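The structure presented is a predicted model; accordingly, all values stated were derived computationally and were not measured. Hydrogens, waters and symmetry mates are skipped; everything else that's a heavy atom, side chains included, is used. First the proteins, then the strands, lettered A, B, ... as listed; each starts at 1.
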Amino acid sequence: MANYEEIFKKVVAHAKEYGFIFQSSELYDGLSAVYDYGPNGVELKNNIRKYWWKSMVNMNEHIVGLDSAIFMHPTTWKASGHVDAFNDPLIDNKDSKKRYRADVLIEDYVTKLENKIEKEVKKAAKRFGDSFDEKQFVSTNGRVLGYNAKCQSIRQRFSEAMSQNNLADIKELIEELAIVCPVSGTKNWTDVRQFNLMFKTQMGSTADGATDLYLRPETAQGVFVNFLNVQKTARMKIPFGIAQTGKAFRNEIVARQFIFRMREFEQMEMQFFVRPGEELKWYEHWKENRMQWHLSLGIDKSYFRFHDHDNLAHYANAACDIEFKFPFGFKELEGIHSRTDFDLKSHQEHSGRKVQYFDPEINESYVPYVVETSIGLDRMFLTILSHSYKEEEVNGENRLVLSIPPQLAPVKAAVLPLTKKHGLPQKAREVMSLLQADFNCQYEEKDSIGKRYRRQDAIGTPYCITVDHQSLEDNTVTLRDRDTMGQERISVNELHSTVSKKVSLRNYL
RNA sequence: GCGAGUGUAGCUCAGGGGUAGAGCAUCACCUUGCCAAGGUGAGGGUCGUGGGUUCAAAUCCCAUCACUCGCUCCA
C-alpha cells in the first residue's frame with residue numbers, strides 16, 4: 001500500500017461516503033474539530049462502548065457503573081486542579097512561529113538577572129575572602145541592588161497583571177524587557193492570549209443571577225464526587241472500581257487529525273480504589289489487563305506499545321499510555337494513571353466533608369488511592385476503522401473491505417435475494433425477520449449480487465445471506481464470509497445460531 | 001493561534017470575465033443473475049460564504065469560514 005498519509009485520507013473519505021462520520025454542521029461550512037456519527041458510525045461506536053462496558057463492568061464483580069452529569073459544581077474544578085493548571089498566557093513569535101508561555105519567558109529573563117547577581121556575589125566573595133559579608137554586600141552594591149530591584153518589580157508587575165487578567169500589560173512587559181525569541185532572536189511578538197481548556201457556560205437564565213459553570217473536561221471527577229454514594233449504596237469493599245462513559249469537552253488550541261483530537265469527545269473511564277501503598281501493584285495489574293483487552297480484538301500486538309510518562313501530572317505517581325499505531329504514527333489511545341489520593345483528598349478539603357473509607361480488614365479509615373484507566377471512545381473508533389480498512393485485489397478488481405471485528409461490526413448480516421423475482425424477496429424477508437431482533441441486519445435487492453457483496457464489504461458486514469431459487473425448495477440459504485469470501489449452504493433453521501457464534505458479544509467476553 | 005496551500009454536483013476533477021461540464025455515484029424502468037461498473041431515461045450545483053471592481057464575476061481584489069501540511073499546546 002501507498003504511504004500512510006494517503007491511506008489515512010482514504011479512511012477519512014470512506015468514513016464519510018459510507019455514513020460513519022460527518023463533520024458537524026457541514027451545512028454551515030462545518031464546525032472545527034467537531035464530528036457527527038452517521039448511521040453506520042453510531043452502530044460501531046455503540047458496539048465499542050458496549051464491548052468495553054461489558055468486559056469492564058458486567059464481567060467484573062468488583063466494578064460498578066455510573067453515569068454522572070456533564071455539569072458539576074464549579075468548585076469541583078478548583079479541587080481537581082483544572083482551573084489553576086490550565087490557564088497559561090501564551091505568546092507567539094511571528095518569525096520563528098514558535099509559541100511560548102509568557103510567564104516562562106518572563107521567568108527565564110528574571111532567572112538570568114538572578115544569575116548575574118549570583119556571579120557578582122561570588123566574585124566579591126573571592127575578592128574579599130573571609131571578611132566578605134554577603135548581606136552587607138548585597139545591600140550596598142549598586143549593581144546587585146539594581147538587579148534585585150528589577151527582579152522584584154518584574155515579578156510584582158507580572159503577578160499583578162495576571163491577577164487582573166491584563167494580558168496587554170504582560171505583552172508590554174515583554175517588549176519593555178526586550179525579550180527575544182530564543183530561536184529567531186527577534187522581538188516580533190503576537191499579543192498575549194489566554195487559553196483555558198475548559199468550556200464555560202452559565203446556569204440560570206438571568207445575567208446577574210447566573211452561575212458560571214464548566215463543561216467537564218474529564219468524566220473522572222463525577223466518579224470521585226460520587227465515591228461515597230456508590231461505595232455505600234452498592235456496598236462495595238476496597239479494592240473496587242467505578243466505571244463511566246460519557247462526553248467530555250476540551251477547548252484544544254489546535255484540534256486536528258480527524259476524530260483523533262476533538263473538542264467534544266467521549267471517554268470510557270474506570271477509577272479503581274485501593275488501599276494506600278497498594279496502588280502500584282494495581283497499576284501494573286491494570287496496565288496488563290487493558291493491553292489484553294486491546295489484543296482481544298484480534299489486532300496484532302505490534303500495533304500497540306506502552307509509553308511510560310517521565311513528566312508526571314500534578315496528581316500522579318505513575319502513569320503510562322497505551323499507544324496505537326495510527327496511520328499518522330504511534331499515538332495515545334488509552335492512559336493508565338496512578339492518581340494517588342490526590343483527587344479524593346482534594347475534594348475532602350474543598351468540601352469540608354470526610355471522603356474516607358473504613359477498611360474492616362485492617363480496622364482503619366483512610367482516603368483511598370486511585371488507579372485510573374481512561375480511553376477515548378472516538379480514538380478507539382479510529383483505531384478500529386483505520387486498522388480494518390483494506391484494499392485488496394480480487395480477480396484483477398479492487399475490493400474495499402473493512403475487516404472490523406465481527407462483534408463490533410455495525411451491520412452483522414445482509415439478507416440478499418438473488419433476484420427480485422420468483423418470490424425470492426418474500427423468502428428473504430422471512431429470513432430477515434428471524435434475525436433482525438437480535439442482530440442489526442440490512443435487506444438489499446437492488447443491483448447485481450456481486451455489487452451488493454462489495455457494498456457490504458465496504459461497511460464491514462461479516463455475513464451476507466443470499467436467498468436463491470434453491471432456498472424456496474429446501475429452506476437453505478448461502479452464507480458468505482466477508483474475509484474469506486467463501487460460501488457455505490446452510491439450513492435457515494441453523495442460521496441464527498451460526499451467525500450468533502461469530503457476531504455476538506458474549507462469545508468474546 | 002501563526003505561516004503556506006486548497007475550496008466547482010454525493011465522490012474525483014475539468015473550465016478561467018459573458019451568466020456551468022465529464023466520469024463515477026443516486027433514482028426509475030428494462031436486461032442479467034453468486035462476487036462491482038449492460039441499456040434507456042431522470043433528478044441534482046446561485047462554482048464555500050460575504051463584500052468590492054466591472055455593462056457583466058465561478059473566473060480579478062478584499063474579508064471570512066472550513067479543510068490539508070508545518071509549527072505550537074495537550075489532564
Side-chain angles (χ1 to χ4, degrees), chain A residues 5 8-10 12-14 16-19 22-34 77 80-82 85-86 88 90-101 183-184 188-198 216-221 248 250-258 260-261 263 267 269 309 311-316 319 321 328 331-332 335 337 339 342-343 372 374 394-401 416-422 424 445-458 464 466-470 477-478 480 482 485-487 489:
Chain A
E5 237 168 61
F8 185 53
K9 268 186 194 163
K10 284 183 183 177
V12 174
H14 191 84
K16 188 191 170 188
E17 189 177 352
Y18 287 92
F22 311 122
Q23 199 189 8
S24 163
S25 317
E26 204 185 61
L27 195 63
Y28 293 103
D29 289 333
L31 191 60
S32 187
V34 186
W77 308 113
S80 70
H82 285 85
F86 302 98
D88 304 328
L90 299 177
I91 188 165
D92 293 327
N93 183 275
K94 290 180 187 167
D95 298 314
S96 64
K97 300 178 186 29
K98 294 277 178 196
R99 167 167 297 164
Y100 302 93
R101 278 172 55 176
V183 174
S184 68
N188 193 7
W189 297 107
T190 62
D191 286 341
V192 177
R193 285 160 310 223
Q194 190 86 259
F195 291 92
N196 191 322
L197 248 28
M198 287 194 290
R216 66 181 177 196
E218 63 176 25
T219 59
Q221 297 305 325
R250 293 181 195 173
N251 209 348
E252 303 283 356
I253 297 166
V254 160
R256 238 185 255 159
Q257 250 140 2
F258 198 40
F260 183 78
R261 179 165 288 118
R263 298 214 157 92
Q267 291 185 311
E269 296 194 311
H309 289 198
N311 299 324
L312 294 171
H314 58 275
Y315 54 71
D321 296 334
F328 40 86
K331 288 279 154 77
E332 178 186 354
H337 309 119
R339 295 181 76 128
F342 175 88
D343 299 279
E372 166 190 78
S374 171
V394 178
N395 304 328
E397 307 271 8
N398 272 337
R399 172 189 189 234
L400 236 165
V401 59
L416 317 168
L418 191 60
T419 80
K420 277 188 254 190
K421 292 184 179 163
H422 315 299
L424 294 187
E445 57 180 40
K446 193 177 147 44
D447 292 320
S448 76
I449 190 69
K451 204 166 177 178
R452 281 178 275 167
Y453 288 153
R454 295 296 168 82
R455 262 207 296 266
Q456 293 300 328
D457 289 341
C464 286
T466 306
V467 174
D468 57 13
H469 294 91
Q470 193 182 329
V477 290
T478 62
R480 172 191 181 267
R482 175 194 70 197
M485 302 205 304
Q487 285 179 290
R489 183 167 283 277

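- Comparing B:C34, B:G33, B:C35 by their closest approach to the side chain of A:T419 singles out B:G33.
- Distance CE (A:M198) to C1' (B:C73): 16 Å, rounded to an integer number of Å.
- Proximity of A:K446 to the phosphate of B:C27: a side-chain N or O atom is located under 4.0 Å from OP1 or OP2.
- Remark: the A:R399 side chain and the B:C35 base include no donor-acceptor N/O pair separated by less than 3.5 Å.
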Next item on the list: In sequence, state the C-alpha distance, the side-chain angles, and the governing distance for A:R482 and A:Y453, and then conclude on side-chain contact (heavy atoms from CB on, under 4.5 Å).
Entry: CA-CA 8 Å; A:R482 175 194 70 197; A:Y453 288 153; over 6 Å; no
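- Distances shorter than 4.0 Å separate none of the side-chain N or O atoms of A:R216 from OP1 or OP2 on B:A75.
- Minimum atom distance to the side chain of A:K16 is reached by B:G10, of the listed B:A75, B:C34, B:G10.
- Counting heavy atoms from C-beta on, the side chains of A:Q470 and A:L418 never come closer than 4.5 Å.
- Rounding to whole angstrom units, CZ of residue A:F342 and C1' of B:A75 are separated by 11 Å.
- The side chain of A:Q23 contributes no N or O atom lying less than 4.0 Å from OP1 or OP2 of B:A66.
- Taking the six-membered ring where the residue is Trp, A:F328 and A:F260 present perpendicular rings, their angle passing 60° and hence far from 30°.
- The separation between A:L31 atom CG and B:A66 atom C1' is 10 Å, rounded to whole Å.
- A:S80 comes within contact range of no nucleotide atom at all, as no heavy-atom separation falls under 4.0 Å.
- Taking only distance into account, the side chain of A:D468 meets the base of B:C34 through a donor-acceptor pair shorter than 3.5 Å.
- With no hydrogens or angles considered, a side-chain donor-acceptor pair links A:T219 and A:E269 at under 3.5 Å.
- Among the nucleotides B:U26, B:A75, B:G10, the one closest to the side chain of A:D447 is B:U26.
- Applying the 4.0 Å criterion to OP1 and OP2 of B:A28, one finds that A:K420 has every side-chain N and O outside that range.
- At distances below 3.5 Å, at least one donor-acceptor pair connects side-chain atoms of A:R250 with backbone N or O atoms of A:P217.
- A 3.5 Å limit on both hydrogen-bonding distances identifies no Watson-Crick or G-U partner for B:G16.
- The listed nucleotides are B:C34, B:C35, B:A75; the one nearest the side chain of A:M485 is B:C35.
- Here the P atom of nucleotide B:C69 and the CD atom of A:Q257 are 7 Å apart, to the nearest Å.
- Between B:U59 and B:U19, the two C1' atoms lie 12 Å apart (nearest whole Å).
- Comparing A:E372 and A:R489 by the nucleotide of RNA chain B whose heavy atom lies nearest to each, the residue mapping closer to the 5' end is A:R489.
- Here, B:G41 and B:A22 have their P atoms 14 Å apart, quoted to the whole Å.
- Pair assignment for B:U32: none, as no Watson-Crick or G-U wobble contacts are both less than 3.5 Å.
- No N or O donor and acceptor, one from the side chain of A:E17 and one from the base of B:C11, sit under 3.5 Å apart.
- The nearest whole Å value for the distance from the CZ atom in A:R452 to the C1' atom in B:A25 is 18 Å.
- Going from the C1' atom of B:C27 to that of B:G44 covers 11 Å, rounded to whole Å.
- Using modelled atom types, one side-chain atom of A:H14 and one backbone atom of A:A458 make a donor-acceptor pair closer than 3.5 Å.
- Salt bridge annotation for A:R454-A:D447: absent, with no cationic side-chain nitrogen under 4.0 angstrom from a carboxylate oxygen.
- Pairing for B:A9 is absent, with no Watson-Crick or G-U wobble pair whose two atom distances lie under 3.5 Å.
- Atom pair A:E445:CD and B:C29:P shows a separation of 10 Å (rounding to whole Å applied).
- Rounded to a whole angstrom, the distance from the C1' atom of B:A58 to that of B:C13 is 15 Å.
- B:U54 is unpaired under the Watson-Crick or G-U wobble criterion, no partner having all donor-acceptor distances under 3.5 Å.
- Nucleotides B:G15 and B:A9, compared at atom P, are 15 Å apart to the nearest Å.
- Spacing of P atoms, B:A56 relative to B:C69, comes out at 41 Å, to the nearest Å.
- Base pairing of B:A25 is not made with any nucleotide, judged by Watson-Crick or G-U wobble geometry with both donor-acceptor distances under 3.5 Å.
- Separation of the P atoms belonging to B:G23 and B:C67 is 32 Å when rounded to the nearest angstrom.
- Residue A:R263 contributes atom CZ, which lies 14 Å from atom C1' of B:C67 at whole-angstrom precision.
- Mapped onto RNA chain B by nearest heavy atom, A:K421 and A:R454 fall at different nucleotides, with A:K421 at the one closer to the 5' end.
- Using Watson-Crick or G-U wobble geometry with both donor-acceptor distances under 3.5 Å, B:C74 finds no partner in any strand shown.
- Per the geometry, CD belonging to A:E332 stands 16 Å off P belonging to B:C73, to the nearest Å.
- Nucleotides B:C61 and B:G1 have their C1' atoms positioned 26 Å apart, rounded to a whole Å.
- Contact annotation: side chain of A:R261 to base of B:C74, donor-acceptor pair present below 3.5 Å.
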Next item on the list: Kindly indicate, with the supporting measurements, whether the criterion salt bridge (charged side-chain N to carboxylate O under 4.0 Å, His left out) is fulfilled by A:R339 and A:E218.
Entry: CA-CA 14 Å; A:R339 295 181 76 128; A:E218 63 176 25; 3.2 Å; yes
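- Considering only side-chain atoms of A:R455, the nucleotide from B:C34, B:A75, B:U26 that sits closest is B:U26.
- The side chain of A:I449 lies closest to B:C34, out of B:G33, B:C34, B:A75.
- In this structure, A:K451 does not reach the B:A37 phosphate: none of its side-chain N or O atoms is under 4.0 Å from OP1 or OP2.
- Pairing of B:U64, defined by two Watson-Crick or G-U wobble distances under 3.5 Å, is identified with B:G48.
- Using a 4.5 Å heavy-atom threshold, the side chains of A:Q23 and A:L31 count as separate.
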